[in-house]
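Okay, so here's the structure we're looking at.
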Protein chains: 2
Amino acid sequence: MKIGILGGGQLGRMLIQEALKYDDEFYTLDPNADCSCAHISHFTQGDFNQKDEVVNFGKDKDVVSIEIEHVSVEGLEVLEKQGVKVIPNSNIIKIIQQKILQKQFYEQNDIPSPAFQVILSKEEEIKIPFPFVQKLNTGGYDGKGVQVIKNESDLNKMWDEPSVLENLVDIDKELSIIIAKNESGEIKTFPVTEMIADPKLNLLDFNICPAQISEDVQNQIQIIAEKFMKAAKSEGLFAIELFLDREGKIWVNETAPRLHNSGHQSQEGNANSQFEQFYRVLKNLPLANTSDHGFSGMLNLVGEANYTGKVKYEGIEDVLKLPNTYVHLYGKGDTKPGRKMGHINVLADSREELLEQLVAIKSMVRVISEYDPK
Amino acid sequence: MKIGILGGGQLGRMLIQEALKYDDEFYTLDPNADCSCAHISHFTQGDFNQKDEVVNFGKDKDVVSIEIEHVSVEGLEVLEKQGVKVIPNSNIIKIIQQKILQKQFYEQNDIPSPAFQVILSKEEEIKIPFPFVQKLNTGGYDGKGVQVIKNESDLNKMWDEPSVLENLVDIDKELSIIIAKNESGEIKTFPVTEMIADPKLNLLDFNICPAQISEDVQNQIQIIAEKFMKAAKSEGLFAIELFLDREGKIWVNETAPRLHNSGHQSQEGNANSQFEQFYRVLKNLPLANTSDHGFSGMLNLVGEANYTGKVKYEGIEDVLKLPNTYVHLYGKGDTKPGRKMGHINVLADSREELLEQLVAIKSMVRVISEYDPK
């Protein structure tokens with residue numbers, strides 16, 4: 001089967017890696033000729049935001065999918081009309097691409113998400129109380145395009161673009177659930193994971209599975225995931241990012257219509273990974289067993305501040321000496337501050353052992369460049 | 001790092017798949033432009049048995065290795081003289097390539113292997129008692145080039161080529177151990193596996209781990225593996241195929257200087273697979289934890305008799321519905337009788353459950369071609 005993926009980053013790379021267990025041909029489209037997928041797939045250099053390039057790339061494929069949601073929805077619509085299978089479908093990608101549509105989708109489908117106001121410019125009257133979060137309608141990614149407005153004096157830093165303003169949740173935990181649906185209608189979730197974010201880079205740092213949550217919270221999440229899947233009216237694999245507030249209530253932060261950083265520990269931590277599951281969705285195969293093997297966690301390898309250029313992973317050999325620890329690099333030649341370069345998965349028998357191990361590993365590894373700037 | 005592999009079959013493919021976790025560049029050399037590695041590595045079409053082609057392929061690589069042992073040793077010797085790292089070294093490949101040298105190597109190094117006689121033609125006087133096994137000095141592979149001579153009347157079918165004639169062992173079990181050594185001198189073995197061969201095709205059929213053997217047998221094997229590794233004077237990953245006779249004694253059948261079919265269940269059955277271990281050997285990294293997760297087994301998917309052409313895997317969707325079952329296909333477009341097309345790994349909580357599951361799966365799947373010849 002000819003499978004086309006818009007985007008050639010690490011998510012695509014790990015999908016293709018997993019799918020090398022099978023006999024399909026992968027095609028990728030990415031502007032960067034040296035992207036993570038360039039040398040392991042049939043690669044087309046091009047812009048997945050350009051309608052015509054998406055149509056040209058996708059027209060002879062059996063299925064077209066994404067590993068990044070910022071793609072030309074118009075292009076995908078044309079492909080759907082031409083009879084190409086697009087997973088997830090263009091409609092749900094469009095909704096998720098635009099924060100305003102995404103919030104309205106939650107509201108219409110009775111999916112709990114923080115109260116919000118839509119503004120088209122910063123001149124509009126603000127009706128939502130302080131503190132609130134401004135999320136740009138489009139262009140947000142990896143924490144970009146999101147800021148907290150605490151009080152009057154923060155108002156001058158507001159972006160003058162169409163945005164969602166939403167209540168700032170008093171967060172107890174950040175959680176995530178990955179859910180998949182195939183064309184036959186079969187649905188499976190992965191165990192809920194718990195995130196610990198680095199406040200400086202706003203990039204996910206540790207990810208732990210299973211999350212330490214009550215049965216009630218577990219139930220709230222399961223209901224939300226199923227409601228989302230029903231309302232989305234699309235096959236695909238989705239990551240729903242959630243907030244648990246200090247009163248025990250779950251709120252949807254946002255959803256990614258694709259493979260997600262919060263599912264990486266599934267590579268060794270679960271009977272099958274999110275990549276295997278997504279592959280099965282693309283081919284409408286029976287969905288895979290997602291049960292976990294005890295505790296697992298993930299640590300992002302992110303380019304350190306002040307280092308740019310040819311990457312050097314300091315301390316990796318020491319990490320490779322540890323049992324039950326798995327290094328995953330993304331085949332990116334150059335690092336820059338905050339760039340996701342890889343991750344490390346850890347398995348453990350208890351949550352305490354897992355956290356200790358993750359903290360120990362974090363202090364062992366540095367993602368720097370070959371020339372020390374100091 | 002530029003890693004060159006002679007051969008582009010499934011062993012190379014699964015090595016590259018595993019190593020996509022890291023940042024290296026893989027190069028493969030194979031005569032078949034549509035081999036399993038052709039589209040997932042920097043591929044050179046050529047003959048790995050030709051000295052010059054091996055030298056040209058390898059001269060700009062950081063390390064050159066093999067995924068098949070029938071390669072030009074002369075080419076590898078030139079590369080070693082040019083300073084290219086060759087793993088395993090040319091000397092041990094040469095010894096293993098030639099059954100006569102291999103048997104003499106076991107004898108010289110006090111490694112138990114069935115008593116033998118060397119003949120250069122079938123005219124020589126046969127001193128070994130019936131029944132015995134004739135193994136051609138070169139060219140044997142996947143059971144080819146090996147035959148049993150039971151009695152006088154079988155003598156006329158003897159091959160008229162340089163051969164080893166060896167005592168036929170009264171086999172209780174066929175076992176295998178995989179052992180790896182890196183340049184730093186670190187050595188690690190995988191748990192011993194037990195094979196169940198299909199007498200018709202003489203291809204490995206089931207492979208079970210851990211083997212059901214006594215502590216004494218376990219010790220004999222450990223001593224043999226370490227002796228082998230010491231005598232080989234080479235880093236590398238080796239699979240030592242063993243016979244356990246009905247009196248409880250272990251004999252070496254033969255050794256492969258490479259990744260091996262008997263280690264495939266390590267992909268999901270062990271903390272790290274033989275592919276991860278071999279990658280670490282190639283880069284002289286700390287060797288990986290090889291402990292097993294309970295019971296695991298492997299079933300080869302072999303082209304069924306009478307079917308040739310574009311492959312069709314009957315029953316695979318039913319297998320994908322089973323938990324703890326992993327399908328691995330090798331990306332080969334065409335099947336032919338006896339061709340290894342893939343394998344299925346199974347995890348279980350007991351040996352009985354494992355065997356039941358393997359037998360059940362064997363009856364579910366057929367490797368045939370798209371047009372039924374009947």
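Predicted model, so just to flag it, every value in this text is computed and none were measured. We name chains A, B, ... by the order of the sequence lines, and we start the count at 1 in each one.
Only the backbone of A:Glu18 has a heavy atom closer than 4.5 Å to any heavy atom of chain B. For A:Lys283, no part lies near chain B; criterion is any non-hydrogen pair under 4.5 Å. Heavy atoms of B:His293 lying under 4.5 Å from chain A are absent altogether.
Minimum heavy-atom separation, B:Tyr22 to A:Arg13: O-NH2, 3.2 Å.
Contacts from residues 311-320 of chain A to chain B, taken as heavy-atom pairs separated by less than 4.5 Å, involve A:Tyr313, A:Glu317, A:Leu320 in sequence order.
If you tally non-hydrogen atom pairs under 4.5 Å between each of A:Thr325, A:Asp24, A:Leu322, A:Leu329 and chain B, the highest count goes to A:Leu329.
In this structure, the separation between OH on B:Tyr330 and CG on A:Leu20 is 13.5 Å, given to the nearest 0.5 Å. Interatomic distance, B:Leu287 CG to A:Lys321 NZ, rounded to the nearest 0.5 Å: 11.5 Å. In this structure, B:His39 NE2 and A:Phe26 CZ are separated by 14.5 Å, a value rounded to the nearest 0.5 Å.
Using a distance-only test at 3.5 Å, with no hydrogens or angles considered, a donor-acceptor pair links the side chain of B:Asp23 to the main chain of A:Gly331.
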